[in-house]
Amino acid sequence: MRMVLAAAAALSIWAASAAAAPWTSPDSKISFDLPAGWLVAPQDADDMTYIVAGSGDKECDFMARPRAQTAAIPPDVIRESGKLAVAPADWARLIPLAPDVFGGQASFVSSEVSTDAFWPVQLADFRVQGRIVHAAIQFRPGVDLWAFCQSRSGADDVATYRAVLRSVGAPNDAALQADAERLAAQRQSVAQNQNAP
């Protein structure tokens, strides 16, 4: 695990999880399920919320990146656009934007879109110096939620990482979902009325 994490633990600014439980960033921008025994520490970042969590050689980085271009887009439209697969070239653009995760060197392996939950999750794997970095992106109005999990050494813990990545969300997701469902129903009603004889 990175030296900054070890230093943070030594300074006792970490919080340890006794059992797997939801965790929300202090600024209420991003939330995720924190595995049992993992430590979590907010990082200094001027333009986004940046959280690092982990245990031993296991590490996940979480980012809530403001995106002004999508702030006025209704949540139902954001949700539908989230079902469209991110292209490999767009995934590759993340590499220089997350140097602590990738170390500047990575190659795209594969991707998929999970629509098991209300908010679609874009998932991808990258190869970095012999290990796999598991990545996820989700979209909300005005913010993109990024997460990356990896074993810095030792065995890849795919099951844990996939569960953590799928758990990422925004603390106001319940309200956003209610708005999205209401707006989608309104659009459907308008479309049906327009198509009525």
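Predicted model only: the values in this text are computed from it and were never measured. Because only heavy atoms are used, hydrogens play no part in the values below, and waters and symmetry mates are left out as well, while side chains stay in.
Atom CD of Gln177 sits about 13.0 Å away from atom CZ of Arg182, to the nearest 0.5 Å. The CG atom of Asn172 sits 9.0 Å away from atom NZ of Lys29, with the distance rounded to the nearest 0.5 Å. Note that CG of Asp33 is 11.5 Å distant from SG of Cys60, once rounded to the nearest 0.5 Å. Distance check, rounded to the nearest 0.5 Å: CD of Gln122 to NZ of Lys83 gives 12.0 Å. Put simply, CZ on Phe139 and CD on Glu80 are 13.5 Å apart, with the number rounded to the nearest 0.5 Å. In this structure, the separation between OG1 on Thr115 and CD on Glu112 is 10.0 Å, given to the nearest 0.5 Å.
Closest approach of Ser151 and Asp156 over heavy atoms only: OG-CA, 3.8 Å. Residues Leu123 and Arg162 come closest through the heavy atom pair CD1-NH1, 3.6 Å. Taking every heavy atom of both residues into account, Gln138 and Gly169 meet most closely at NE2-N, 4.5 Å. Summarising the geometry of Arg166 relative to Ser114, their closest heavy-atom pair is NH1-OG, 2.6 Å, with the distance given to 0.1 Å. Trp91 and Ser111 get closest at one heavy-atom pair: NE1-CB, 3.6 Å. For the residue pair Ala184 and Asp76, the shortest heavy atom distance occurs at N-OD2, 3.7 Å.
Looking at Ser31 and Ser25, their side chains never come closer than 4.5 Å, going by heavy atoms from C-beta outward. Contact check for Ile30 versus Thr24: no side-chain heavy atoms found under the 4.5 Å cut-off. Between Asp47 and Pro66, the closest side-chain pair of non-hydrogen atoms is not below 4.5 Å. Under the 4.5 Å side-chain criterion, counting only non-hydrogen atoms from C-beta, Val164 is in contact with Pro35. Contact annotation: the side chain of Ile78 approaches that of Thr70 to within less than 4.5 Å [non-hydrogen atoms, C-beta and beyond].
With sequence neighbours left out, the side chain to side chain contact (heavy atoms under 4.5 Å, CB included) criterion links Ala147 to Phe62, Leu165, Val168.
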Quiz prompt | Candidate pair Glu59 and Val133, rule side chain to side chain contact (heavy atoms under 4.5 Å, CB included), full reasoning | solution = CA-CA 10 Å; Glu59 176 182 311; Val133 173; over 6 Å; no
Exercise. I would like to know whether Arg127 and Ile132 meet side chain to side chain contact (heavy atoms under 4.5 Å, CB included); could you show each step before the answer?
Key: CA-CA 5 Å; Arg127 187 168 303 283; Ile132 297 295; 3.7 Å; yes
Exercise. Would you sort out whether Phe126 and Gln150 count as a side chain to side chain contact (heavy atoms under 4.5 Å, CB included), showing the intermediate values?
Key: CA-CA 10 Å; Phe126 294 83; Gln150 62 185 302; over 6 Å; no
Exercise. Take Ile51 and Gln43, measure what side chain to side chain contact (heavy atoms under 4.5 Å, CB included) needs, and give me the verdict at the end.
Key: CA-CA 6 Å; Ile51 308 296; Gln43 305 294 299; over 6 Å; no
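Between the side chain of Arg79 and the main chain of Phe118, a donor-acceptor pair closer than 3.5 Å is present.
With respect to Phe32, the ring-ring contact (aromatic ring centres under 6.0 Å, His included) criterion is satisfied by exactly one of Trp23, Trp38, Tyr161, Trp146: Trp23.
Under the 4.5 Å side-chain contact rule for hydrophobic residues, Ile137 and Phe108 share a cluster. The hydrophobic clustering, which links ILVMFWY residues whose side-chain heavy atoms are closer than 4.5 Å, places Val121 and Val86 apart. Hydrophobic clustering of Ile, Leu, Val, Met, Phe, Trp and Tyr side chains at less than 4.5 Å, counting indirect connections, unites Ile95 with Leu97. When the side chains of ILVMFWY residues are joined at heavy-atom separations under 4.5 Å, either directly or via intervening members, Val113 and Leu145 end up in two distinct hydrophobic clusters.
The aromatic ring centroids of Phe102 and Phe148 lie less than 6.0 Å from each other.
Looking at Arg65 and Asp144, no side-chain N of the basic residue comes within less than 4.0 Å of a carboxylate O on the acidic one, giving no salt bridge.
Heavy atoms of other residues, nucleotides or ligands lying less than 6.0 angstrom from CD of Gln186 number more than 12.
The ring pair (Phe, Tyr, Trp, His ring centres under 6.0 Å) pairs that include a residue from residues 163-189 number zero, where partners must be two or more places apart or lie in different chains.
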